[in-house]
Trainee: 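Have a look at the structure that comes next, please.
The chains referred to below are lettered A, B, ... by the order of the sequence lines, with proteins before strands, and numbering in each begins at 1.
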There are 2 protein chains.
Amino acid sequence: MTLTELRYIVAVARERHFGHAAEACFVSQPTLSVAVKKLEDELGITLFERNSGDITVTPIGQRIVEQAQRVLEETAVIKQIAAHGKDQLASPVRLGVIFTIGPYLLPDLIPALRNVAPQMPLLIEENYTSRLAELLKQGDIDLAILALPFDEPGIVVEPLYDEPFRVIMPLGHPWEKQQQIEPELLVDENVLLLCTGNCFRDQVLQVCPALNRSAFSSDGHHSTLEGSSLTTIRYMVASGSGVSVVPATSVEGKWADERLLVTRPFSEPSPTRQVVLAWRKSYPRPAVIEAVRDAFAQLDLPSITAI
Amino acid sequence: MTLTELRYIVAVARERHFGHAAEACFVSQPTLSVAVKKLEDELGITLFERNSGDITVTPIGQRIVEQAQRVLEETAVIKQIAAHGKDQLASPVRLGVIFTIGPYLLPDLIPALRNVAPQMPLLIEENYTSRLAELLKQGDIDLAILALPFDEPGIVVEPLYDEPFRVIMPLGHPWEKQQQIEPELLVDENVLLLCTGNCFRDQVLQVCPALNRSAFSSDGHHSTLEGSSLTTIRYMVASGSGVSVVPATSVEGKWADERLLVTRPFSEPSPTRQVVLAWRKSYPRPAVIEAVRDAFAQLDLPSITAI
DNA sequence: TCTTGTTGATAGGAATTGGCTATCGTCAAA
DNA sequence: TTTGACGATAGCCAATTCCTATCAACAAGA
């Protein structure tokens, strides 16, 4: 049984005439005759009564023709779904963002995306890099915004921007008078870090490996404390628990709060992390990637270096 | 788009593995790969994300696969209808019978048919021969039981039985003492006939053309009257309006009523009419014809000559 | 870093199918 | 008896479908 055969019998039932039905199907009459006979043989029943000069549909043929019509309608729905769904920006996109970027980037990124692709529903997942990598590979999210280093098989990354690190300290801290902070100074300070598992912690430690040692030192003087989120760190720093190193976007622009904190850049060359967009090599909707790129192009975030 | 392709994508979506899906479809993996790609190209969308080692269905692919499944289910219904409808004795048969046979034959024929083909719904149409011929040719009925002469293009007839004519007369009629009636005697009697249009009227006139003449004679003595049905004729005869010629089955067996009428056969060779089964040459259910034959073979009607 | 195994894609050729033209057979109407 | 209409059949060609063999990509393990 083929869809073509079904189309043929529907046409014959409608036209009650093999010749006209063939014409309606844009095939020759023998083609249609043979196809109908083939289907009749396959089903083992006679669909049409060929009277000289008059075709009638048998009762069982009538039911089968009606069912064939239903089949054809359902296949039309497939084409319809396909035609409508051809717009890659029409179906949902699941976007993962790491914790240390999401809260500061998304309020700007989401409107920009709505601007670029108004019809595209967005599902956001905030999580750690490692978890996002998992979700990405399993196909549970489609895109991820995260920071290097990131290297997973089957995943392609594309740089979005470079984000410098900033030092934050409580109001009245001795470094307040310096316009730039030397990284080495941190070793002698009480530096608050994010908990283990957060990529930003690793990035900071990579910039200043000495902090790792001091965290385990037991002299009680140069110890580091840990916070569970950047917001927590901010409040811990503001309350005088120490200083910290945070991504620039989390303490500048609309997130700056001079009444609580003092923010200073590192001396040049400032340590930075590179924020990238990641997706499965096999992700079949390049238009979505393009839309995200366009959305980023629209953004005008302070303190970041577009790439 | 072909049903095979739809089967393939459903299998791939189910197995999430081209190789396994191909196995499930009893084709080689390349065959399936090519077919899926062909469908994707035709629809213009990517149905599956081919990640090394893991196949995922795209959101739009998911919807299309579900729709494809619906299509396949509907085609399965076609096969189901066909398989169930293969039994030619399962779907309704429309049977036409002429007025002068129906009332006397059907009470016996229908149970016999139910015996031969218990599952076969019967739709009965009682009418004149000419109307039955129309219905038969138009396909509004499938079979007809009627009397010769009957010759219509595209219609095949098969003898069922010969039915002798009988003379009926009121109780106490002079002919009551005769065991057989000579046809010539009718000319001098008041003979009741069925109305014009009824085939039995023509059959009687064919046996005794003289009646036709006398019907239009104006001497008032040898006139014929007309009744609208055999039952009417019976009561008209019983009430003394005259004599009549009727089919044997309508006045013998369970239809005999010696308290009202006297029934006599004609002298040999008795005039008869041949009752036949008629159907379109193209009627595609020989088993139905066979069932009707079998049902007649079961009948044991008095006064008829099986053929 | 190199090999290896797995998996889907591709190439090329054989078999099948679907379509065409030409012609036939049937049948009813003239 | 002839004719015209219509569906069936025959024979051929092209397109499709399916196969085997092979390739390419890639992740995992040595």
Side-chain angles (χ1 to χ4, degrees), chain A residues 1-9 11-13 15-42 46-58 61 133-134 136-138 151-156 280-284, chain B residues 1-9 11-13 15-42 46-58 61 133-134 136-138 151-156 280-284:
Chain A
M1 194 190 320
T2 71
L3 290 174
T4 308
E5 286 163 1
L6 299 186
R7 261 187 291 276
Y8 290 169
I9 64 169
V12 171
E15 306 280 342
R16 302 168 65 86
H17 189 290
F18 275 62
H20 299 167
E23 206 171 333
C25 294
F26 305 105
V27 293
S28 69
Q29 169 264 314
T31 297
L32 184 131
S33 276
V34 169
V36 170
K37 184 162 181 44
K38 177 168 161 288
L39 183 59
E40 285 182 328
D41 288 348
E42 179 181 341
T46 306
L47 297 173
F48 304 106
E49 226 183 289
R50 285 95 159 157
N51 237 323
S52 65
D54 192 32
I55 298 291
T56 54
V57 188
T58 63
E134 243 178 79
L136 202 51
K137 287 200 284 187
Q138 288 172 4
D151 189 23
E152 292 285 339
I155 305 293
V156 54
R280 285 182 299 286
K281 209 170 292 185
S282 58
Y283 187 58
Chain B
M1 193 191 316
T2 71
L3 290 174
T4 308
E5 286 164 1
L6 298 187
R7 263 187 291 277
Y8 290 169
I9 64 170
V12 172
E15 305 281 342
R16 302 167 65 86
H17 189 289
F18 276 61
H20 299 167
E23 206 171 336
C25 294
F26 304 106
V27 294
S28 69
Q29 169 265 315
T31 296
L32 185 131
S33 274
V34 169
V36 170
K37 185 161 180 44
K38 177 168 160 288
L39 182 59
E40 285 182 327
D41 287 348
E42 179 182 341
T46 305
L47 298 173
F48 304 107
E49 228 186 286
R50 286 94 158 155
N51 236 323
S52 64
D54 191 31
I55 298 291
T56 55
V57 188
T58 62
E134 243 178 80
L136 201 51
K137 287 199 284 186
Q138 287 172 5
D151 188 24
E152 292 284 339
I155 304 292
V156 54
R280 284 182 300 287
K281 209 171 289 184
S282 57
Y283 187 58

Trainee: Between atom CZ in A:R7 and atom P in C:dG18, what is the gap in whole Å?
Mentor: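 Distance check: A:R7 CZ to C:dG18 P gives 12 Å.
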Trainee: Give the B/S/- string for nucleotides 14-22 of chain D, one per nucleotide from 5' to 3', where a protein heavy atom under 4.0 Å of the base yields B, of only the sugar-phosphate yields S, and otherwise -.
Mentor: ---SSBBB-
Trainee: In whole angstrom, what separates B:E40's CD from C:dT10's P?
Mentor: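 My rounded result for the distance is 11 Å.
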Trainee: Under 4.0 Å between a side-chain N or O of B:R50 and OP1 or OP2 of C:dA9?
Mentor: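 Answer yes for this pair, as a side-chain N or O of B:R50 is under 4.0 Å from OP1 or OP2.
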Trainee: Do the side-chain N or O atoms of B:S33 get closer than 4.0 angstrom to the phosphate oxygens (OP1, OP2) of C:dG8?
Mentor: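 It does not, given that no N or O in the side chain of B:S33 lies less than 4.0 Å from OP1 or OP2 of C:dG8.
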Trainee: For the side chain of A:E42 and the backbone of A:M1, is there at least one donor-acceptor N/O pair under 3.5 Å apart?
Mentor: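 Between the backbone of A:M1 and the side chain of A:E42 there is a qualifying donor-acceptor contact (under 3.5 Å).
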Trainee: Once you round to the nearest 0.5 Å, how far does CG of A:L39 lie from OH of A:Y8?
Mentor: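 So the CG of A:L39 and the OH of A:Y8 are separated by 12.0 Å.
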Trainee: Reckon A:H17 has a side-chain N or O less than 4.0 Å from the OP1 or OP2 of D:dG7?
Mentor: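 A:H17 to D:dG7 OP1/OP2: side-chain N or O found under 4.0 Å.
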Trainee: Without decimals, in angstroms, what is the distance between B:E49 CD and D:dC26 P?
Mentor: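 After rounding, the reported distance stands at 14 Å.
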Trainee: Send over the distance from B:F48 CZ to C:dT7 C1', rounded to a whole Å.
Mentor: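 From B:F48 CZ to C:dT7 C1': 15 Å.
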Trainee: Quick one: are B:V27 and B:T4 in side-chain contact, heavy atoms under 4.5 Å?
Mentor: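 Sidechains of B:T4 and B:V27: no contact.
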Trainee: Count the heavy atoms of every other residue, nucleotide or ligand shown that sit under 6.0 Å from NZ of A:K37, and state whether that count exceeds 12.
Mentor: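 Incorrect, the count does not exceed 12.
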Trainee: To the nearest 0.5 Å, tell me how far A:R7 CZ sits from A:T2 OG1.
Mentor: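 A:R7 atom CZ to A:T2 atom OG1 measures 7.5 Å (nearest 0.5 Å).
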Trainee: Has A:T58 got a side-chain atom pairing as donor or acceptor with A:L47's backbone, closer than 3.5 angstrom?
Mentor: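 Answer holds: yes.
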Trainee: Nearest-Å distance, NE2 (B:H20) to P (C:dT6)?
Mentor: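 In whole Å, C:dT6 P and B:H20 NE2 are 11 Å from each other.
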Trainee: Rounded to the nearest Å, what distance is computed from the CZ atom of residue A:F18 to the C1' atom of nucleotide D:dA8?
Mentor: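 These atoms are roughly 10 Å apart.
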Trainee: Closer than 3.5 angstrom, by distance alone: can the side chain of B:E15 be matched with the main-chain N or O of B:H20 as a donor-acceptor pair?
Mentor: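 No, because the side chain of B:E15 does not come within donor-acceptor range (under 3.5 Å) of the backbone of B:H20.
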Trainee: Say whether, by atom type as modelled, one donor and one acceptor occur between the side chain of A:E23 and the main chain of A:S28 under 3.5 angstrom.
Mentor: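 Checked: no pair found.
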Trainee: For the residue pair B:A11 and B:C25, what are the closest heavy atoms and their distance?
Mentor: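 So the two residues come closest at CB-SG, 3.5 Å.
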Trainee: What is the separation between atom CD on A:E23 and atom C1' on D:dG7, rounded to the nearest whole Å?
Mentor: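 So the two atoms are 15 Å apart, to the nearest Å.
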Trainee: Take the C1' atoms of the five end pairs on each side of the helix from C:dT1-D:dA30 to C:dA30-D:dT1, get both axes, and report the angle to 10 degrees.
Mentor: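 Rounded value for the end-axis angle: 10°.
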Trainee: Which pair of heavy atoms, one from A:F18 and one from A:S33, lies closest together, and at what distance?
Mentor: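 In terms of heavy atoms, the two residues are closest at CD2-OG, 3.4 Å.
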Trainee: For B:L32, is there any backbone N or O sitting under 3.5 Å from a side-chain donor or acceptor partner on B:E5?
Mentor: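 Such a contact is absent between B:E5 side chain and B:L32 backbone.
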Trainee: Report all interatomic pairs (protein N or O, nucleotide N or O of nucleotides 27-30 of chain C) with separations under 3.5 Å.
Mentor:
residue	atom	partner	partner atom	Å
C:dC27	O3'	A:S52	OG	3.3
C:dA28	OP1	B:G154	N	2.5

Trainee: Could you tell me how far apart A:E15 (CD) and D:dG7 (P) are, to the nearest whole angstrom?
Mentor: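 Answer to the nearest Å: 11 Å.
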